[in-house]
Amino acid sequence: QAQLVESGGGLVKPGGSLRLSCAASGFTFSDYYMTWVRQAPGKGLEYISYIGGTGSDTKYADSVKGRFTISRDNAKNSLYLQINSLRAEDTAVYYCARFARLLDVWGKGTSVTVSS
Amino acid sequence: DVVMTQSPLSLTVTLGQPASISCRSSQSLVYSDGYIYLNWFQQRPGQSPRRLIYKVSARDSGVPDRFSGSGSGTDFTLRISRVEAEDLGVYYCMQGTHWPFTFGPGTKVDIK
């Protein structure tokens with residue numbers, strides 16, 4: 001049974017940084033594209049980034065380009081999202097999901113709050 | 001960017017009655033491989049999203065057969081044949097054809 005578990009969220013001041021992690025289990029992690037999606041409080045879903053199986057293919061939404069970096073460690077079955085220069089509008093629950101176009105498995109999310 | 005619109009944005013349905021949600025894209029979602037990457041997700045209150053339908057009409061394992069997806073080109077529909085209490089939540093369509101991939105605004109389904 002494929003499973004994804006996010007961690008690393010928390011309260012951070014504007015301009016700060018965080019590194020989110022997503023631990024994968026139950027499938028061959030390196031075979032799959034992986035995705036980060038976020039959801040601001042009371043709002044809809046926003047697709048922010050994906051990464052290919054080897055890590056060489058990455059894409060970012062304009063809203064996070066230059067501030068967020070997606071990466072993965074296939075030996076550790078882990079996906080990461082480095083988030084820098086945080087703004088209030090980055091406050092959201094961040095979900096990782098399997099696949100880029102199909103998002104068949106989701107984690108429960110990790111919450112990031114940006115506030116002074 | 002491809003804009004996904006959904007209608008209605010809110011829907012109250014009587015238990016046992018059908019429901020239908022429309023999703024429209026601002027351009028064709030046919031990808032170069034011939035597939036249409038149009039997915040439907042359900043998000044129950046306090047839960048993470050769950051995929052129900054992928055590639056327009058393929059139902060995920062474990063999803064009740066009262067859920068069905070249809071459509072082509074730019075117009076897509078999610079239908080629930082007989083709404084049950086557990087169907088309460090927000091439903092999102094999402095296109096995975098053109099980068100940036102985008103979600104619709106969501107349709108909130110309440111049960112009467």
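Heavy atoms only: backbone and side chains are in, while hydrogens, waters and symmetry mates are out. Every chain is numbered from 1, with letters handed out A, B, ... down the list of sequences.
- Of all heavy-atom pairs between B:Phe103 and A:Val37, the closest is CE1-CG1, 4.0 Å.
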Atom pairs, donor to acceptor, chain B/chain A, distance under 3.5 Å:
from, atom 1, to, atom 2, distance (Å)
B:Tyr31, OH, A:Arg101, NH2, 2.9
B:Asn39, ND2, A:Arg101, O, 2.8
B:Gln43, OE1, A:Gln39, NE2, 2.9
B:Gln43, NE2, A:Gln39, OE1, 2.9
B:Gln43, NE2, A:Tyr95, OH, 3.4
B:Ser48, OG, A:Gly107, O, 3.1
B:Arg51, NH1, A:Leu102, O, 2.9
B:Tyr92, OH, A:Gln39, NE2, 3.4
B:Gly96, O, A:Arg101, NH1, 2.7
B:Thr97, O, A:Arg101, NH1, 3.3

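- Residues of residues 66-77 of chain B lying under 4.5 angstrom from chain A, judged on non-hydrogen atoms, do not exist here.
- A continuous path of hydrophobic side-chain contacts links B:Leu38 to B:Val30 [ILVMFWY only; heavy atoms under 4.5 Å].
- Cluster membership for B:Val90 and B:Ile21, using ILVMFWY side-chain heavy atoms within less than 4.5 angstrom, is not shared.
- Note on B:Leu15: it clusters hydrophobically with B:Val13, by side-chain heavy-atom contacts below 4.5 Å among ILVMFWY residues.
- By the criterion of side-chain heavy atoms lying less than 4.5 angstrom apart, applied directly or through intervening Ile, Leu, Val, Met, Phe, Trp or Tyr residues, A:Met34 is not grouped with A:Val5; the two fall into different hydrophobic clusters.
- A distance of 10.0 Å separates CE in B:Met94 from CG in A:Leu45, rounded to the nearest 0.5 Å.
- With a 4.5 angstrom heavy-atom cutoff, A:Ala100 touches chain B via backbone and side-chain atoms both.
- Chain B forms the most heavy-atom pairs under 4.5 Å with one residue out of A:Leu103, A:Val105, A:Val93, A:Leu102, and that residue is A:Leu102.
- With hydrophobic clusters built from ILVMFWY side chains whose heavy atoms lie under 4.5 angstrom apart, A:Val64 shares a cluster with A:Val12.
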